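For reference, the structure discussed in these notes is given below.
What's counted below: heavy atoms across the whole structure, side chains too, no hydrogens, waters or symmetry copies. Just so it is clear, the model here is predicted, and its values are computed rather than measured.
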Amino acid sequence: MKLGKKLAGVALAALAFGLVGGQALAADPVKIGVYLPLTGQNAFGGQLELEGVQLANKEMPTVLDGRPVELVVVDNKSDKVEAANAVKRLIERDKVVALIGSYGSSLAMAGAEITEKAKVPGVGTSCTNPLVTMGKKYYFRACFIDPYQGAAAATYAVEKLGFKKAAVLMEMTNDYAVGLANFFSRAFKKQGGEIVATLKYSAGDQDFTAQLTELISKKPDIVFMPAYFAEGAIIMKQARELGATFRLMGADAMDNPDTVKLAGKAAEGFLHTTFPYDPKMQNMSPEAVKFTEAWRAAYPEKETNVNGALGYNSYFLIWTAINNAKSADPVKIAQALASIKNLSTPLGVLTINKTHDAEMPVGIIEYKNGKREYVGEVTPKM
């Protein structure tokens, strides 16, 4: 009898331990990896996106009825090799169930190869090159793609501005720049325009005098330069110093609060495409208002741009997918990501399409009187 009581006590203790263990297991964190450029050429955009991710994590800290979400952040240093190594480390060492990143299409492509082999889903923030998700089962993105963005820029130039002649100035080794330049040129010509010149430069160049002088001689109405904001500002300054009268237009990588600070008066009249969000835009959706107010409360000394919203949305997409899947299994999360439809977000109502890209409008920013202004949206003619 005493032995039976002892065994019964052990059984009850084991049951109690199992319940406690089960509760501990239920509360085990769900790890999401974040690999963004926090140093190097793309650091400004990467930092804004990280802050957007962290804001979303603060607002949505748990999944699956109470399991905390743990962010594991790695700096990819704006380098392709570092990006691939960061993703490998997050998957193999940190055992993340999904990844967020990256700003920069080349960096995201490097990371996507690793996630695909490991069958762990990734959500790109602002990596717009179509190759990022092409042929991938496990990589998605929270943004539109360059064919759509390039066509939107061309459509705005032709239909809104009435331009007939365009030229292109691009960094010749950058996947993002080369892809966008091609998509803009194709759409511009398809809509009846003429591309009078396509000129190139190398990463790190500081003097664009030769290219700009040739562009001036070709007399385009507009020059499309899919540059990053720092080099774009230099191009703007040098173009105006040389007396150029053509309009300059860029893409989403120019969407940076410091663009006008660096370019000064040379930014007057500059245009660029962007994602459909701006902290000062008119007629904000309730989701955009909520995000903007939350950002200002969390980061009162730093104004966001669309990169903050894209970081926020990337987390939101994964958070939604985990809850919809009712599982932290990476394969099930990927399946749930592919099924997301009509999700209301700060960037509008998003649907993940068959190629794993987010469908959304294209916004246009214009610089007027030393300020950036969100002037509206455009539906591209592909």
Side-chain angles (χ1 to χ4, degrees), residues 44-45 48 126 128 143-144 146 148-170 177 180-181 183-184 187-188 191 193 212 215 220-241 244-284 288 292 303-310 346-348 360-381:
F44 192 92
L48 280 168
S126 53
T128 52
C143 58
F144 49 56
D146 286 335
Y148 195 77
Q149 179 179 198
T155 301
Y156 191 84
V158 171
E159 292 194 347
K160 183 68 175 180
L161 303 177
F163 291 155
K164 301 296 183 183
K165 292 183 177 182
V168 171
L169 178 61
M170 65 176 180
L180 259 175
F183 300 129
F184 172 87
F188 194 82
Q191 294 177 52
L212 290 168
L215 287 173
D221 299 313
I222 191 167
V223 172
F224 183 65
M225 54 165 195
Y228 290 100
F229 76 97
E231 65 190 24
I234 296 172
I235 292 170
M236 281 186 254
K237 279 185 160 183
Q238 293 181 5
R240 299 313 172 211
E241 288 169 359
T245 57
F246 50 68
R247 294 288 291 273
L248 281 163
M249 187 175 198
D252 62 293
M254 294 297 299
D255 192 0
N256 188 301
D258 280 353
T259 294
V260 70
K261 294 178 185 178
L262 293 171
K265 293 181 180 180
E268 187 68 19
F270 175 66
L271 300 152
H272 67 74
T273 50
T274 188
F275 300 93
Y277 169 82
D278 186 83
K280 297 176 182 176
M281 68 191 296
Q282 300 294 315
N283 303 316
M284 276 190 181
T292 305
E303 183 176 64
T304 189
N305 71 347
V306 75
N307 291 112
L310 285 165
L347 288 164
M360 64 178 71
V362 178
I364 300 291
I365 296 287
E366 183 174 358
Y367 291 75
K368 301 178 180 179
N369 301 317
K371 297 180 180 179
R372 60 192 299 281
E373 181 180 337
Y374 188 90
V375 295
E377 297 164 2
V378 60
T379 300
K381 291 186 176 179

Requested in this report: Examine distances only and state if a side-chain atom of K237 and a backbone atom of L262 form a donor-acceptor pair shorter than 3.5 Å.
Outcome: yes

Report task. Run the numbers on E159 and K381 for side-chain contact (heavy atoms from CB on, under 4.5 Å), then give the verdict. Result -> CA-CA 10 Å; E159 292 194 347; K381 291 186 176 179; 2.5 Å; yes

Requested in this report: Indicate the ring-plane relationship of F184 and F188, choosing parallel, tilted or perpendicular according to the 30° and 60° boundaries.
Outcome: parallel

Requested in this report: For residues P279 and T304, report the shortest heavy-atom separation together with the two atoms involved.
Outcome: CG-O, 3.4 Å

Query raised in the report: With a 3.5 Å cut-off and no angle check, do the side chains of T273 and Y156 form a donor-acceptor pair?
Result: no

Report task. Dump the intermediate steps for side-chain contact (heavy atoms from CB on, under 4.5 Å) on H272 and D255, then the final yes or no. Result -> CA-CA 7 Å; H272 67 74; D255 192 0; 3.5 Å; yes

Query raised in the report: Relative to each other, are the rings of F270 and Y367 parallel, tilted or perpendicular (30° and 60° limits)?
Result: tilted

Report summary line: Taken to the nearest 0.5 Å, the spacing of I235 CD1 from L248 CG works out to 8.0 Å

Report task. Identify the heavy atoms of A154 and A187 that sit nearest to each other, and give their distance. Result -> CB-CB, 3.8 Å

Requested in this report: Could you list the residues that satisfy side-chain hydrogen bond (donor to acceptor under 3.5 Å, both in side chains) with Q191, not counting sequence neighbours?
Outcome: T155

Query raised in the report: Are the side chains of M236 and M225 in touch, meaning some heavy atoms are under 4.5 Å apart?
Result: yes

Query raised in the report: Which atom names give the shortest non-hydrogen contact between G150 and L180, and what distance separates them?
Result: N-CD2, 3.7 Å

Query raised in the report: About how many Å separate OG1 of T292 and CG of D278, when rounded to the nearest 0.5 Å?
Result: 8.5 Å

Query raised in the report: If you measure from CE on M254 to CZ on R372, what distance do you get to the nearest 0.5 Å?
Result: 11.0 Å

Report task. Give, for atom CG of L347 and atom OH of Y277, the distance between the pair rounded to the nearest 0.5 Å. Result -> 9.0 Å

Requested in this report: Indicate the atoms forming the closest heavy-atom contact of P380 with A152, along with that distance.
Outcome: CB-N, 3.3 Å

Report summary line: dist F246:CZ -> L212:CG (nearest 0.5 Å) comes out at 5.5 Å

Query raised in the report: Which atom pair, heavy atoms only, marks the closest approach of S126 to L310?
Result: CB-CD1, 3.7 Å

Query raised in the report: Do the non-hydrogen side-chain atoms of L161 and L271 ever get within less than 4.5 Å of each other?
Result: yes

Query - CD1 on I365 to CE on M249, rounded to 0.5 Å - result: 11.0 Å

Requested in this report: Give a yes or no answer on whether the side chain of E366 reaches the backbone of Y374 with a donor-acceptor pair at less than 3.5 Å.
Outcome: no

Query - Q149/D252 under side-chain contact (heavy atoms from CB on, under 4.5 Å): CA gap, chis, key distance, verdict - result: CA-CA 8 Å; Q149 179 179 198; D252 62 293; 2.8 Å; yes

**Report entry** Which atom of G370 lies closest to which atom of V260, heavy atoms considered
**Finding:** O-CG2, 3.4 Å

Query raised in the report: Does the side chain of E268 come within less than 4.5 Å of R240's, by heavy atoms?
Result: no

Query raised in the report: Stepwise, does the side-chain contact (heavy atoms from CB on, under 4.5 Å) test hold for K165 with I222?
Result: CA-CA 7 Å; K165 292 183 177 182; I222 191 167; over 6 Å; no

